[in-house]
Amino acid sequence: MEKKTYTAIVLAAGKGQRMNSAVEKQFLLLRNKPIVLYSLLRFQESAVIDDIILVTDAAWIDYCRETMVEAQQLTKVTKIIAGGRQRYDSVYAALRAMGDTDYVMIHDAARPLLAQESLLLLRDTVEEHAACALGVPAKDTIKRIDDAGFIVETPVRESLWNIQTPQVFATNLIQEAYELLQTMDKTDITDDTMVVERTLGTRTKLVFGGYQNIKITTPEDMKTAEMLFDSVW
Ligand code: CTP
Ligand code: MG
């Protein structure tokens, strides 16, 4: 079978409000490297990935080009573009900047502990199902609460997963979904599987990522990432 082409979109345009740090969290240092660099290195070294689009704040574009893409010879990074206000705006900007490719892997720069094997699993899955993502079974019991903080419902834990990235889609599917999204209410959209679900009704296949593939969100996550680091790098 002919090899399909894959573009990785690395999302690094967020403000990191919950981290509450002086610089945006994706540029904090983890073992001496900016967090975003780990995602770029992972995709650069992967035989699955053909090219990479990095999305960041306009103010960080030169820094990323000079200190990461050029200094580390990240030859697959073909574009560094400015993101938007919300995560879905940043994804849309990347989808519009993208060249011809069969599949798109959308990844949070805030997840530096992605395992190399996960990319192979995602490739095999997306070529069968057109939409897939990494996730892990929820460890905690999850409650739905009301505005006053009282529990109103307890979904069965066995049916609950924490969703991660990469989230991977056939290119025409994700581009069509994001075009449709521009005409719709975007309230509460936090990931790409929600976009294909809401716009086209497409079902996304979840596959096991790994409990180490955390999203660095609040300050204590830096310590957790430090502890988990050696399991993937
Ligand atoms: N992201 C982005 N553009 C945005 C918002 C988020 O590229 N407008 C990226 C972030 O940089 C991060 C990923 O999407 O790598 C996941 O988002 P999240 O963890 O929510 O990061 P932030 O939005 O930066 O953090 P917070 O929500 O705490 O402000
Ligand atoms: Mg956010």
Side-chain angles (χ1 to χ4, degrees), residues 3-16 24 26-27 36-37 39-40 42-44 46 48-66 68-70 74-111 114 119 122-123 126-127 129-134 163-204 215:
K3 189 208 174 289
K4 303 291 187 187
T5 53
Y6 283 79
T7 297
I9 295 173
V10 175
L11 297 172
K15 292 270 168 268
E24 289 87 327
Q26 59 273 27
F27 297 108
V36 55
L37 182 54
S39 299
L40 298 174
R42 188 52 98 215
F43 290 124
Q44 173 73 30
S46 172
V48 176
I49 300 298
D50 297 280
D51 65 311
I52 303 166
I53 298 180
L54 174 59
V55 189
T56 192
D57 190 89
W60 285 95
I61 291 178
D62 289 344
Y63 171 84
C64 288
R65 187 186 313 107
E66 288 158 22
M68 292 189 249
V69 177
E70 289 173 1
L74 301 175
T75 52
K76 291 183 183 174
V77 179
T78 54
K79 293 193 174 98
I80 308 175
I81 65 166
R85 186 178 287 273
Q86 302 294 332
R87 186 185 182 283
Y88 51 72
D89 298 318
S90 296
V91 175
Y92 186 52
L95 291 175
R96 294 186 12 136
M98 219 170 54
D100 252 3
T101 188
D102 295 313
Y103 295 99
V104 188
M105 288 202 180
I106 305 174
H107 185 59
D108 297 332
R111 295 182 193 272
L114 171 64
L119 300 182
L122 287 165
R123 177 197 60 193
V126 78
E127 292 187 13
H129 298 288
C132 68
L134 296 184
I163 187 108
Q164 305 177 332
T165 70
Q167 303 192 349
V168 191
F169 306 91
T171 303
N172 51 3
L173 167 70
I174 194 69
Q175 284 184 326
E176 187 183 351
Y178 266 87
E179 287 303 336
L180 278 170
L181 182 70
Q182 307 313 312
T183 66
M184 290 170 59
D185 176 19
K186 303 189 187 100
T187 315
D188 300 331
I189 294 271
T190 54
D191 80 337
D192 310 297
T193 68
M194 280 178 81
V195 175
V196 297
E197 185 182 307
R198 273 209 202 164
T199 56
L200 298 167
T202 303
R203 299 197 319 153
T204 296
K215 181 161 67 70

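Values reported hereafter were calculated over all heavy atoms of this structure, with side chains retained and with hydrogens, waters and symmetry mates removed.
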Rounded distance (nearest 0.5 Å) linking atom [atom1] of [X] with atom [atom2] of [Y]:
X: L37; Y: F27; atom1: CG; atom2: CZ; result: 10.5 Å
X: M68; Y: L40; atom1: CE; atom2: CG; result: 6.5 Å
X: C64; Y: I80; atom1: SG; atom2: CD1; result: 6.0 Å
X: D102; Y: R123; atom1: CG; atom2: CZ; result: 13.0 Å
X: I9; Y: D108; atom1: CD1; atom2: CG; result: 11.5 Å
X: S46; Y: M105; atom1: OG; atom2: CE; result: 6.5 Å

query: Taking P166 as the fixed residue, which of D192, V104, L122, I106 is the one that meets the side chain to side chain contact (heavy atoms under 4.5 Å, CB included) rule?
result: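 Testing each of D192, V104, L122, I106 against P166, the sole residue satisfying side chain to side chain contact (heavy atoms under 4.5 Å, CB included) is L122.
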task: Give me the one residue out of T5, T78, V77 that meets side chain to side chain contact (heavy atoms under 4.5 Å, CB included) with D51.
output: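 Among T5, T78, V77, the one that satisfies the side chain to side chain contact (heavy atoms under 4.5 Å, CB included) with D51 is T78.
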- prompt: Taking only residues two or more places apart in sequence, or in another chain, which ones meet D191 in a side chain to side chain contact (heavy atoms under 4.5 Å, CB included)?
  reply: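 Testing D191 for side chain to side chain contact (heavy atoms under 4.5 Å, CB included), a comparison that skips the adjacent residues, returns I163, Q167, T193, M194.
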Please check this pair: side chain of [X] against backbone of [Y], looking for a donor-acceptor N/O pair closer than 3.5 Å.
X: K4; Y: V48; result: no
X: S90; Y: G84; result: yes
X: T56; Y: I61; result: no
X: K76; Y: I49; result: yes
X: Q44; Y: T75; result: yes

Closest heavy-atom contact between [X] and [Y]?
X: L114; Y: R42; answer: O-NE, 2.8 Å
X: A131; Y: L173; answer: CB-CD2, 4.0 Å
X: A94; Y: I53; answer: O-CD1, 3.9 Å
X: Q26; Y: A109; answer: CB-CB, 4.2 Å
X: L134; Y: T165; answer: CD1-O, 3.8 Å
X: R111; Y: H107; answer: O-NE2, 3.0 Å

Within the structure provided, determine whether [X] and [Y] are in side-chain contact (heavy-atom separation under 4.5 Å).
X: R87; Y: L11; value: yes
X: R65; Y: L54; value: no
X: F169; Y: V126; value: no
X: T7; Y: T171; value: no

message: Using the rule given for side-chain contact (heavy atoms from CB on, under 4.5 Å), can you reason through I52 versus L74, listing the C-alpha separation, both sets of side-chain angles and the distance that settles it, and then say yes or no?
response: CA-CA 9 Å; I52 303 166; L74 301 175; 5.9 Å; no
Set of side chain to side chain donor-acceptor pair (under 3.5 Å) partners for [X], sequence neighbours left out:
X: D185; value: T187
X: E179; value: Y92
X: D100; value: none
X: Y6; value: E127

- prompt: Does a side-chain N-to-carboxylate-O contact under 4.0 Å join D89 and K186?
  reply: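 So D89 does not pair with K186 through a salt bridge.
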query: Quick one: salt bridge (Lys or Arg N to Asp or Glu O under 4.0 Å) partners of R203, sequence neighbours excluded?
result: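 Checked R203 against salt bridge (Lys or Arg N to Asp or Glu O under 4.0 Å); zero matches.
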field: Pair T202-E176, side-chain contact (heavy atoms from CB on, under 4.5 Å): steps then yes or no
entry: CA-CA 11 Å; T202 303; E176 187 183 351; over 6 Å; no
message: Please tell me whether W60 and E24 have a donor and an acceptor in their side chains that are separated by less than 3.5 angstrom.
response: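 Side-chain D/A pair, W60 to E24: present.
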